[in-house]
Amino acid sequence: MSAQEAALASTQEHHTSTGLDNTKMVMWAFLGSECLFFGSLITTYLLYRSTVLPDSGPVPSEIYDIPYTSVSSFVLLMSSLTMVLALSSSQRGDMRGMRIWLLATALLGVTFVGGQIFEFTDFVHEGLTLGSSPAGSAFFVLTGFHGAHVSVGILMLLSLVGMSMSDKLQPGAARKVELIGLYWHFVDIVWVVIFTVVYLIPLE
Amino acid sequence: MSQQVEAGEEEELHSHPEPRQYIKVAIFLAVVTAVEVAIYYVPALRALLVPILIVLAVIKFLFVARWFMHLRFDSKIFQRFFVTGVLLAMTVFAVVLLFYFTHGGPAPVAR
């Protein structure tokens, strides 16, 4: 079986009444529900972003490092490119290429999360903590949950690489890569919104 | 039926863009991000900053969803799932905003 045939065969695992893969349908339903989850957290942040008690630490926007966060945003954006290149490789049956792009995506994800941990540490030193004010709580819960999603994504990417190396992921298992890719791109999309709404839009 | 499914899936497999197109989209997204950050530092654009940033974020959002998540090429059903989630999130935001304007913001407010 050629790599192309294997790739095609892998997409023909399920036959459904809609003609669409059930696992992909479930992933999109999950991502739809995640929109609501992050929408609620972003709304909460917008409501509380300037709410601090006297002497309870800074308002988050006073201590943002925009150039630093811009680089983090760029890193996450580029990880979406490497993810989609991994999918493209797996669809062509190029397992080595897929592994390289998946590892690149995971590395960019680790860079992003590492940057976020550094940023959090800096903010805590500045006096902004999870419990210092409603603004601090809203900021850390929103960005922390996003970071947790990126971390879960990294684990899934590394699992894919591990499965591929132990032959549990056969050439043409493009669907699995596609599903994890959808999750990864969603995490990127959420950051697109967070970067604009939380970091760039000024507090009037 | 199964032949239809197979034909559809084969079509899906081959309808995704080439890597070169993905790279072009990524370059465009990087440029938009750079523009976002640049205009943040332009005092003359302060009055228009919020609408410009929102438009640029929407453009980035749509490009990632349509190209990288393949909503441009995939079944409309997937698009509906996602759009429903986005609309519900925007509804939550609108309801909270309405409550904010009718009942006032959370106390204690800003320094």
Can you tell if the side chain of [X] reaches within under 4.5 Å of the side chain of [Y], non-hydrogen atoms only?
X	Y	value
E36(B)	K60(B)	yes
P60(A)	F123(A)	no
R46(B)	L49(B)	yes
E119(A)	T143(A)	no
L128(A)	F139(A)	yes

Quiz item: Among side-chain atoms of H146(A) and Q116(A), is any donor-acceptor pair under 3.5 angstrom?
Solution: no
Quiz item: Any chance the side chains of S79(A) and W184(A) put a donor and an acceptor closer than 3.5 Å?
Solution: yes
So what's closer than 4.5 Å to chain A heavy atoms on [X]: side chain, backbone, both or neither?
X	result
L29(B)	both
A65(B)	both
L88(B)	both
I23(B)	both
Y41(B)	side chain
F61(B)	both

Measure distances from [X] to the heavy atoms of chain B and classify the residue's part below 4.5 Å as side chain, backbone, both or neither.
X	value
I42(A)	neither
M78(A)	side chain
S88(A)	side chain
F30(A)	neither

I need the residue from [options] with the largest number of non-hydrogen atom pairs under 4.5 Å to chain B.
options	answer
T43(A), V84(A), V197(A), D188(A)	V84(A)
L200(A), V190(A), L87(A)	L200(A)
T196(A), I189(A), V192(A), L81(A)	I189(A)
L31(A), I66(A), L182(A), T69(A)	I66(A)
F186(A), Y199(A), F37(A)	F186(A)

Quiz item: Taking the inter-plane angle between the rings of Y68(A) and F118(A) on a 0 to 90° scale, is it parallel (under 30°), tilted (30 to 60°) or perpendicular (over 60°)?
Solution: tilted
Quiz item: If you count heavy-atom pairs under 4.5 Å between each of L53(B), T33(B), V96(B) and chain A, which one has the most?
Solution: L53(B)
Exercise. Report the option among L71(B), I54(B), V92(B), V83(B) that has the most heavy-atom pairs separated by less than 4.5 Å from atoms of chain A.
Key: L71(B)
Practice problem: Step through the shown structure and confirm whether more than 12 heavy atoms of other residues, nucleotides or ligands are within 6.0 Å of CH2 on W101(A). | Solution: no
Self-check item: Flag if over 12 foreign heavy atoms under 6.0 Å of CE, M90(B)
Solution: no
Quiz item: Any sub-3.5 Å donor-acceptor pair from S133(A)'s side-chain atoms to L53(A)'s backbone N or O?
Solution: no
